[in-house]
Amino acid sequence: MKTFALTCVIMCAFAANSLLNRLGVAIQHMDPMDFATVRTAAGAVMLWVLVIGRNGPKPALFKARRFAGAAALAVYMVGFSWAYITLDAGLGALILFGVLQIVVFGWAVVEGGHIPLLRWVGAAIALAGLCVLLWPSGEAALPLGGALAMTVAGAAWAAYTLLGRGEADPLGATASNFLLCLPLVAAVMLATQIGPMPIPGVITAIIAGAVTSGLGYALWYRVLPSLPTTVAGIAQLSVPVIAVAAGVALLGEDLSARLIIAGALVLGGIAVSLSVRR
């Protein structure tokens, strides 16, 4: 029950990242690059506090994998924050997870490993859901800029996930990546000109970085060894669902038939793919 309860808390934290980003940039009118920079800085501080406070070796910063991970994380942070200028919280989370699934599947094809038939079917279903979601349809068309930014963020998160395979110290690696990512995100902020920094937006960004990102990732790495791989994967499918429900309840976002159908296809496709993983 303790593991189940912690997993529920973690999934809510991951979903809250979408809500907090949407709240900060669209409602509290904080510049998205400023939000991304404050979020990254707060996450780096929280993660390094946890790393320094634990018993164990300190992670190595200057490794090729660290720089690659930091670059992927920076692209994700920038695209994620930029997308929520126009996208609803749940909609953005759904695009993120759909793109993540398709890119990871595509990489498995490139690597030439054996891919069971059900994984092909699951990827095709998820891709169909993304097509339903992103297909231009008059007044119901999604904001192109936001959808493109979240697609790039999803691809970057997939790259970050693939780079992190086999990490012996995932918490230390994440702390290092956040620290190395910070100057990259800050450079984008300076290049696009610093915008207004309302106090509520700064507080929201700090919570998104330190609590729902930093503590959320730390708890996830603690719980993950206790979960079977398939259960861990399926648990993450709840994140877009929580984000959609919370967006409707807390931010007054619309729940359209198109979103429901696309969400069922995307999450159903991912579930089918996970059903064949050992």
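Values below: every heavy atom of this structure, side chains too, minus hydrogens, waters and symmetry copies.
- In terms of heavy atoms, Ala208 sits closest to Asn17 at O-OD1, 3.4 Å.
- Cluster annotation: Val45 is not connected to Leu171 through the hydrophobic network of ILVMFWY side chains, with a link wherever side-chain heavy atoms come within less than 4.5 Å.
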Original post:
For Met30 and Thr204, what are the C-alpha separation, side-chain angles and deciding distance, and is it a side-chain contact (heavy atoms from CB on, under 4.5 Å)?
Top reply: CA-CA 10 Å; Met30 187 171 180; Thr204 301; over 6 Å; no
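- Residues Phe35 and Gln28 fail the side-chain proximity criterion, which asks for heavy atoms closer than 4.5 Å.
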**OP:** Just do the side-chain contact (heavy atoms from CB on, under 4.5 Å) check on Ser238 and Phe14 with the steps written out, would you?
**Re:** CA-CA 10 Å; Ser238 66; Phe14 289 167; over 6 Å; no
**OP:** Could you go through the salt bridge (Lys or Arg N to Asp or Glu O under 4.0 Å) check for Arg39 and Asp34 one step at a time?
**Re:** CA-CA 8 Å; Arg39 178 190 174 194; Asp34 296 351; over 6 Å; no
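- Summarising the geometry of Ala16 relative to Thr212, their closest heavy-atom pair is CB-CG2, 3.7 Å, with the distance given to 0.1 Å.
- No donor-acceptor distance shorter than 3.5 angstrom exists from the side chain of Asp254 to the backbone of Ser256, with no hydrogens or angles considered.
- Under the 4.5 Å side-chain contact rule for hydrophobic residues, Tyr221 and Leu179 share a cluster.
- Inter-residue side-chain proximity for Trp157 and Val103 is flagged as unmet; no heavy-atom pair is nearer than 4.5 Å.
- Placement of Leu94 and Val241 within a single hydrophobic cluster is found when ILVMFWY residues are connected by side-chain heavy-atom separations under 4.5 Å, directly or transitively.
- To the nearest 0.5 Å, atoms CG (Leu100) and CD1 (Ile95) are separated by 13.5 Å.
- Just one of Val51, Ile206, Leu215 meets the side-chain contact (heavy atoms from CB on, under 4.5 Å) condition when paired with Met46; it is Leu215.
- Although no hydrogens or angles enter the test, the distance criterion places no donor-acceptor pair under 3.5 Å between the side chain of Arg66 and the main chain of Asn177.
- Hydrophobic clustering, with ILVMFWY side chains joined whenever heavy atoms are under 4.5 angstrom apart, keeps Leu250 apart from Leu91.
- Thr192 places a side-chain N or O within 3.5 Å of a backbone atom of Met189 that can act as its donor or acceptor partner.
- Surrounding CZ of Arg222 are at most 12 heavy atoms belonging to other residues, nucleotides or ligands under 6.0 Å away.
- Under the 3.5 Å distance criterion, the side-chain polar atoms of Glu253 are matched with a main-chain donor or acceptor of Ala89.
- For Tyr76 against Ala156, the heavy-atom pair with the smallest separation is N-CB, 3.6 Å.
- To the nearest 0.5 Å, atom CZ of residue Phe97 and atom CD1 of residue Ile102 are 14.0 Å apart.
- Taking the six-membered ring for Trp and the full ring otherwise, the centers of Phe105 and Trp120 sit less than 6.0 Å from each other.
- Cluster membership check: Leu267 shares its hydrophobic cluster with Leu255, using side-chain heavy-atom separations under 4.5 Å among Ile, Leu, Val, Met, Phe, Trp and Tyr.
- For the pair Ala36 and Thr40, the tightest heavy-atom approach, listed with the atom from each and the gap, is O-OG1, 2.7 Å.
- Smallest separation of non-hydrogen atoms from Ala246 and Leu19: CB-CD2, 3.3 Å.
- To the nearest 0.5 Å, atoms CG (Leu20) and CD1 (Ile27) are separated by 10.5 Å.
- Between atom OG1 of residue Thr86 and atom CE of residue Met150 there is a gap of 9.0 Å, rounded to the nearest 0.5 Å.
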Original post:
Can you check ring pair (Phe, Tyr, Trp, His ring centres under 6.0 Å) on Tyr217 and Trp220, steps first, answer last?
Top reply: CA-CA 5 Å; Tyr217 296 150; Trp220 181 235; 9.7 Å; no
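- Results of the side-chain contact (heavy atoms from CB on, under 4.5 Å) test with Thr37 over Val78, Leu182, Val188 single out Leu182 as the only residue that passes.
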Subject >> Derivation of the side-chain contact (heavy atoms from CB on, under 4.5 Å) call for Phe80 and Ser18 >> reply: CA-CA 8 Å; Phe80 192 80; Ser18 292; 3.7 Å; yes
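- Summarising the geometry, atom CG belonging to Asn21 is positioned 11.0 Å from atom CD1 belonging to Ile85; distances are rounded to the nearest 0.5 Å.
- The structure places CG of Leu224 at 12.5 Å from CG of Leu6, a figure rounded to the nearest 0.5 Å.
- Of all the heavy atoms in Phe178 and Leu47, the pair that sits closest is CD1-CD1, 3.6 Å.
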**OP:** Check the pair Arg22 / Leu87 against side-chain contact (heavy atoms from CB on, under 4.5 Å), numbers first and verdict last.
**Re:** CA-CA 8 Å; Arg22 175 67 174 167; Leu87 292 184; 5.7 Å; no
